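First up is the structure itself, then whatever we jot down about it.
Values in this document were obtained by computation on a predicted structure and should not be read as measured data.
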Amino acid sequence: MLGQLIPCGGGDAIPLTGPKLLVGRRSTCDIKLDFQNVSSHHCEFELRDGYWHIRDLSSSNGIKVNGERCNTRCITPGDVVTIAKHAFTIQYTVTGDAPAPEEEDTFARSLMEKAGLEVERRHSKVPEATRASAPRAKQSRRGSTEDDFIMDWLIEE
């Protein structure tokens with residue numbers, strides 16, 4: 001056994017039995033996660049130079065390492081890996097030298113998040129009558145995009 005995934009909500013540990021493991025909902029996967037929000041071929045674990053690496057396989061619901069969405073990442077013992085919405089702590093013994101630092105995944109975070117301006121987009125619990133009287137934000141002719149929202153916000157006095 002080359003390590004294990006411990007479900008954060010409790011349950012049986014999942015052994016990491018080979019150097020390259022396919023994770024998904026299909027019965028042909030090395031690690032089968034039978035949940036609707038897990039893609040048929042969701043992600044892949046690979047042991048390289050003594051460290052486990054995870055790579056998203058263009059899944060619908062993505063992967064996260066320690067709460068940060070990513071496409072590929074080196075994972076160290078104790079990291080929390082989230083596959084769709086299912087969280088696991090990885091446990092293994094490092095057998096190699098420290099990996100080279102990885103470049104930040106350019107598309108993992110939005111520009112707003114990188115700038116520290118992430119806007120919470122949850123539905124407010126303000127009564128309908130109050131919402132109706134509130135001023136509406138400007139909208140561009142192209143439709144509302146994140147960039148239009150930022151520009152409108154910067155232009156408003």
Side-chain angles (χ1 to χ4, degrees), residues 1-125 137 140 142-154:
M1 184 169 70
L2 302 171
Q4 58 185 353
L5 296 174
I6 310 293
C8 291
D12 294 334
I14 300 169
L16 302 174
T17 56
K20 196 168 191 176
L21 301 167
L22 177 63
V23 179
R25 201 173 62 237
R26 286 222 174 129
S27 59
T28 55
C29 291
D30 301 308
I31 298 174
K32 184 176 187 277
L33 298 177
D34 197 14
F35 300 104
Q36 287 290 346
N37 60 351
V38 174
S39 297
S40 56
H41 292 139
H42 199 97
C43 63
E44 177 180 75
F45 284 94
E46 184 177 9
L47 187 62
R48 293 191 312 241
D49 300 323
Y51 283 84
W52 280 104
H53 295 257
I54 188 169
R55 181 172 62 100
D56 189 10
L57 299 175
S58 301
S59 64
S60 298
N61 293 310
I63 59 172
K64 293 180 182 178
V65 175
N66 297 326
E68 186 177 317
R69 191 175 178 116
C70 59
N71 288 326
T72 184
R73 180 77 48 91
C74 175
I75 45 182
T76 57
D79 282 349
V80 175
V81 175
T82 305
I83 301 168
K85 296 213 180 261
H86 308 281
F88 304 89
T89 301
I90 187 164
Q91 292 181 345
Y92 69 97
T93 303
V94 175
T95 58
D97 294 333
E102 295 179 357
E103 291 183 25
E104 181 181 356
D105 183 1
T106 306
F107 300 106
R109 298 188 308 158
S110 70
L111 290 175
M112 291 284 288
E113 190 178 358
K114 287 178 183 178
L117 300 171
E118 187 64 33
V119 176
E120 190 102 10
R121 294 187 183 202
R122 294 185 183 167
H123 297 289
S124 64
K125 295 184 180 181
S140 71
R142 295 181 294 178
S144 179
T145 65
E146 190 170 85
D147 290 338
D148 290 335
F149 172 79
I150 295 168
M151 290 306 296
D152 287 343
W153 179 75
L154 291 171

Start with the C-alpha gap between Asp30 and Thr17, add the side-chain angles, then the distance that decides, and say whether side-chain contact (heavy atoms from CB on, under 4.5 Å) holds. CA-CA 9 Å; Asp30 301 308; Thr17 56; over 6 Å; no
Can you check side-chain contact (heavy atoms from CB on, under 4.5 Å) on Val23 and Cys29, steps first, answer last? CA-CA 6 Å; Val23 179; Cys29 291; over 6 Å; no
Per the ring pair (Phe, Tyr, Trp, His ring centres under 6.0 Å) rule, what does the pair list look like for residues 2-32, sequence neighbours excluded?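 For residues 2-32: none.
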Sort and list the pairs that fulfil ring pair (Phe, Tyr, Trp, His ring centres under 6.0 Å) and have at least one residue in residues 2-27, not counting sequence neighbours.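 Ring pair (Phe, Tyr, Trp, His ring centres under 6.0 Å) check on residues 2-27 returns no pairs.
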Distance, nearest 0.5 Å, that separates [atom1] of [X] from [atom2] of [Y]:
| X | Y | atom1 | atom2 | answer |
| --- | --- | --- | --- | --- |
| Ile83 | Ile31 | CD1 | CD1 | 7.0 Å |
| Ser27 | Asp34 | OG | CG | 9.5 Å |
| Thr76 | Tyr92 | OG1 | OH | 6.0 Å |
| Asp79 | Glu68 | CG | CD | 11.0 Å |

Identify the two heavy atoms, one from [X] and one from [Y], that lie closest to each other, and give their separation to 0.1 Å.
| X | Y | result |
| --- | --- | --- |
| Phe88 | Ile14 | CE2-CD1, 3.7 Å |
| Ser60 | Ser39 | N-OG, 3.1 Å |
| Val38 | Ala84 | CG2-CB, 4.1 Å |
| Leu57 | His41 | CB-O, 3.5 Å |
| Gln4 | Ala13 | OE1-CB, 3.4 Å |
| His42 | Gly62 | NE2-O, 2.9 Å |

Looking only at atom types and distance, does a side-chain atom of Asp56 sit under 3.5 Å from a main-chain N or O of Cys43, one as donor and one as acceptor?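 Pair absent, no side-chain N/O of Asp56 close to backbone of Cys43.
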Given 3.5 Å as the limit, does a donor-acceptor pair link the side chain of Ser40 with the main chain of Arg26, or not?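 Pair absent, no side-chain N/O of Ser40 close to backbone of Arg26.
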Take Ile75 and His53 through the side-chain contact (heavy atoms from CB on, under 4.5 Å) test and state the conclusion after the steps. CA-CA 6 Å; Ile75 45 182; His53 295 257; 5.9 Å; no
Looking at residues at least two apart in the chain, or sitting in another chain, which of them share a salt bridge (Lys or Arg N to Asp or Glu O under 4.0 Å) with [X]?
| X | result |
| --- | --- |
| Asp12 | none |
| Arg55 | Glu44 |
| Lys85 | none |

Below 4.5 Å, heavy atoms only, C-beta onward: do Arg69 and Thr82 meet side chain to side chain?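 They are not in side-chain contact.
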Using side-chain contact (heavy atoms from CB on, under 4.5 Å), reason through Asp97 and Asp49 one step at a time and then give a plain yes or no. CA-CA 7 Å; Asp97 294 333; Asp49 300 323; over 6 Å; no
Among all residues two or more places apart in sequence or in another chain, which pass the side chain to side chain contact (heavy atoms under 4.5 Å, CB included) test with Leu2?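 For Leu2 the side chain to side chain contact (heavy atoms under 4.5 Å, CB included) partners, ignoring immediate neighbours, are Pro19, Leu47, Trp52.
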Below 30° counts as parallel, above 60° as perpendicular, anything between as tilted: where do the rings of Phe35 and His86 land?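 Phe35 and His86: parallel rings.
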Of the options Thr93, Val94, Ile90, Thr89, which is the one that meets Pro77 in a side-chain contact (heavy atoms from CB on, under 4.5 Å)?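 Exactly one pass, corresponding to Val94.
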Asn37 atom CG, neighbour heavy-atom count above 12 within 6.0 Å: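 Counting neighbours around CG of Asn37, more than 12 heavy atoms of other residues, nucleotides or ligands fall under 6.0 Å, so yes.
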